[in-house]
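Data first, discussion second: the structure below is written as structure tokens.
Labels below follow one simple rule: chain letters A, B, ... track the order of the sequence lines, proteins then strands, and each chain is numbered from 1.
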Amino acid sequence: MKRTEEEVSLVLQAREGSQSALADLLALYRSRILRFCIARMGDVDAAEDATQETLVAMVEAVTRFRGDASAFSTYVFGIASNKVSMAQRAGGRRPVPTNDVAVLDQAKGEAPVRGDGRLDLLDQLPDRDREILILRLVEEMSAQEVGDVLGMSAGAVRVAQHRALTTLRAQLAAKAVTR
Amino acid sequence: MTDGDFDDAAALADDAWLDALDPAGDPLAQALATYSEAVSVAAERRAAAMGPIDLAALQAAAGVTPPRPKRGTGAVALFSTVAAAPPAWGAIALVGGAVVGTLGLIVGLGIFLNPAPVVAPAPATVTQVARTTAQQSTSTGPTAATTAPATTAAPVPPAPPVASAPPTVALPVPTSTNIAVPRKTTTKPATVTLRTTAAPSSTQPQSTSAAPTGSASTSSAPTPQPSSAMPSGPSSPSASTTPSAPSYWMSVYRQVAHALDALNPVGRPPTDAELKSAESSLRIAQDFLSNVRRKECDPAGTCPPDVAAQLTAAQADVDAASALLAKRRAEISGTPRPSASVPSGSAMPSGSALPSAPISPSAPVSAPASSTPSAPASVLPSSPVSISASPSPAP
């Protein structure tokens, strides 16, 4: 994940109580958190709710954050992961991708992704493996950063993503054979 | 190579594959890239639809109050506020505060080093004395009335006349500026009681000054106030002339006032030393008046009208105080002394405008005392005790 000096500076200022820095920091993280939540939950509305809860938790926790400013993103995505998990447990349902992505693709003049069945393969992954791939792909985090978010070691993250990719490759190969 | 080593190598290879994801030629890479792009687009659009971040709402939802900038108290808070202000206003506030503080320090030092001078202390003192004595005389009236039975027309009439009549003194009030009130009359009843018991009847007077009865009015004889010697104010015509200046007349007044204070001690009769002091003061006052006559009046004795009026008033005060001195001396020594040692206004030029002393309304009631011929006859308008005496020593 790419961090800029501006992000670190905003974290430091928001931690000291700067309201403008906090607002800028929230605006910077909202799209990222929303992207992560959409990928995790599939439902844009539910993802938005989880994003709002994550932002609220950020406001409450930013002044208490005493870690390295560069590690703030992992701290925030850890919060977001917990919010998504809590929302999924409260809803009692697995993440079911909606047609939002397909609709967006149609709006862009592209073929619906869901119609290709490729996201179906991603949806069939275990939650942890799916979450690892989302963080690695969507948020462009390194294995170490994903491990920091999920409380895992970098090696465990690599093994889990290798397992997930192997599963995806097998499913894609199976679908190709069936076609 | 073990299975674990193989797995680690494969995991590292996949990790590198993900870091350098190339959709071209790899269906899984293409699917993952498409998925990631679709999610990003959906998030961006949803974020745009959400509008700007409402920080206040988020803070309210989090139960967090906006933190305030850390500031101290007092001067620290002031400087923190100034520092937090825009640079221009901060500089203006700092410069203004420094200027105001410096001016305040300078003014404070100026006041400390140069206190305001006391302006015209003498007239203020006279006024205060006059007011004080006026209040004393007012409060003394009922007391004197209770100790001395009322007689005729006087507000607080003196004792019945006897052969050795007490030296009732009628003080002259020659000018309207006179403020003649009794002083310290509340302290005299003790003396009156003693002399009353000593002189049980009028047939056996102890002395010429002893009151035959409880004549508190005589024992608490009003003390003439020498304020007549004081000009009415700076606008007085005689104030411009050197010998008739207010300070000069105030010198006379002070001497007379000093004499009266010595003659009227609180709660006791005056001592010999006080009598001598009063006599000395009256002599000095008389010398003042003589000096005025010598400088202001022509050899024939004609004085300017204003100076003559002042001289008349001052001389009357001196004469009244001298009469009181004689009375006090007689009371102490038990032997009447006809006149005070201080020469009265006999030195007044014949041409002066000294009017004849008016006779008090109570004068007929209290018989003129032959033993005190030198006492000037006058009236104390504000005095609750009116006393009479021999005619004025006017030339």
Checking heavy atoms, do the side chain of A:I134, its backbone, both or neither come under 4.5 Å from chain B?
-> side chain

By a 4.5 Å heavy-atom criterion (distance strictly below it), what part of A:R169 contacts chain B: side chain, backbone, both, or neither?
-> both

Interchain contact, B:D26 with chain A, by part (heavy-atom threshold 4.5 Å) | neither

Between B:L28 and chain A, which part of the residue has a heavy atom less than 4.5 Å away: side chain, backbone, both or neither?
-> both

Consider only side-chain N and O atoms of B:D15 and A:Q161, and report whether a donor and an acceptor are under 3.5 Å apart.
-> yes

Side chains of A:S81 and A:E131: donor-acceptor distance under 3.5 Å anywhere?
-> yes

Which distance, rounded to the nearest 0.5 Å, do you find between the [atom1] of [X] and the [atom2] of [Y]?
| X | Y | atom1 | atom2 | answer |
| --- | --- | --- | --- | --- |
| A:F77 | A:D148 | CZ | CG | 13.0 Å |
| B:Q30 | A:L172 | CD | CG | 10.5 Å |
| A:R158 | A:I132 | CZ | CD1 | 11.5 Å |
| A:L12 | A:S18 | CG | OG | 11.0 Å |

Can you list the steps and then say if A:V159 with A:R163 is a side-chain contact (heavy atoms from CB on, under 4.5 Å)?
-> CA-CA 6 Å; A:V159 170; A:R163 185 172 56 241; 4.0 Å; yes

Among the options A:L133, A:V157, A:L137, pick out the one with the most heavy-atom pairs lying under 4.5 Å from chain B.
-> A:L137

Min side-chain heavy-atom separation A:D43-A:E48 under 4.5 Å | no

Report, by ascending residue number, the residues of residues 97-107 of chain B in heavy-atom contact with chain A at a distance under 4.5 Å; give 'none' if the set is empty.
-> none

